[in-house]
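Keep in mind that the numbers below use all heavy atoms, side chains included, and drop hydrogens, waters and symmetry copies. Everything numeric in this text was worked out from a predicted model, so none of it was measured.
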Amino acid sequence: MRRTRWPELTVRLLLLLAGLTIAHLGVTLFLKSNLGSDPFNVLVQGLYWALPWRLLALVAGCVILAFGMTIVIRSEAGTGPNDLVAVVLSDRLKKPFGPVRVGVDLCFALTGWVLGGVAGVGTVVCAGLVGPCAQVFLPVSGRLCNACLDRIRRG
């Protein structure tokens with residue numbers, strides 16, 4: 001396998017990004033026409049609406065959300081209000097982050113629903129899954145953020 005040098009890899013990645021952006025602009029315009037979709041997106045939509053795929057997408061979305069959220073928390077560059085409530089409560093109560101986050105998410109969801117927000121099965125699954133996943137990811141994200149910051153500090 002041929003080793004690719006950084007400048008070439010950078011150019012290739014920029015070309016990839018440009019091509020994907022242009023292609024998806026075309027897909028977006030196609031969808032906005034309300035006259036159908038391109039063939040591949042019809043397949044993707046069909047797979048998405050099949051229940052097992054929807055459940056898989058829901059769980060994957062929750063896991064990815066939890067991972068991203070823990071990177072935000074461990075970056076120590078700022079935290080969203082929904083994350084901050086759980087972080088502060090977890091620290092003050094000296095309780096694990098996962099169960100605290102579940103409680104906070106359920107309170108947010110219930111309050112929002114009472115006030116007229118839209119909630120569904122996915123909301124409940126998300127409230128029950130993100131906290132425990134985040135608890136698993138927090139140490140991993142801490143190491144990842146520290147490794148990135150250490151590289152920058154070392155030059």
Item to check | Close side-chain approach of W113 to V118, heavy-atom, < 4.5 Å | outcome: no

Checklist entry - Shortest non-hydrogen contact from G131 to V102? => result CA-CG2, 4.4 Å

Next on the checklist: Quick check against the 3.5 Å criterion: does R101 have a side-chain atom that pairs as donor or acceptor with the backbone of V130?
Outcome noted: no

Item to check | L89 side chain reached by V104 side chain, heavy atoms, under 4.5 Å | outcome: yes

Checklist entry - Where do A134 and F97 come nearest, in terms of heavy atoms and distance? => result CB-CE2, 3.7 Å

Checklist entry - Can you find a pair of side-chain heavy atoms, one from I71 and one from L144, that are under 4.5 Å apart? => result yes

Checklist outcome for this item: Tightest non-hydrogen contact, residues C126 and D105, listed as O-OD2, 4.5 Å

Checklist entry - Does D83 use its side chain to pair, donor to acceptor, with the backbone of T79 at less than 3.5 Å? => result no

Next on the checklist: Given 3.5 Å as the limit, does a donor-acceptor pair link the side chain of S141 with the main chain of L138, or not?
Outcome noted: no

Checklist entry - Taking T123 for the side chain and G120 for the main chain, is one N or O donor matched with an acceptor at less than 3.5 Å? => result yes

Checklist outcome for this item: Smallest heavy-atom separation, S75 atom then C145 atom, equals N-SG, 3.9 Å

Checklist entry - If we only count heavy atoms from C-beta on, is the L25 to T21 side-chain gap below 4.5 Å? => result no

Checklist entry - Heavy atoms, side chains only, cut-off 4.5 Å: are T111 and F108 in contact? => result no

Checklist entry - Does a side-chain heavy-atom distance below 4.5 Å link P99 with Q135? => result yes

Item to check | N/O donor-acceptor pair under 3.5 Å between S90 side chain and K95 backbone | outcome: yes

Checklist outcome for this item: Looking only at heavy atoms, the pair that brings C62 and L129 closest together is CB-CD2, 3.6 Å

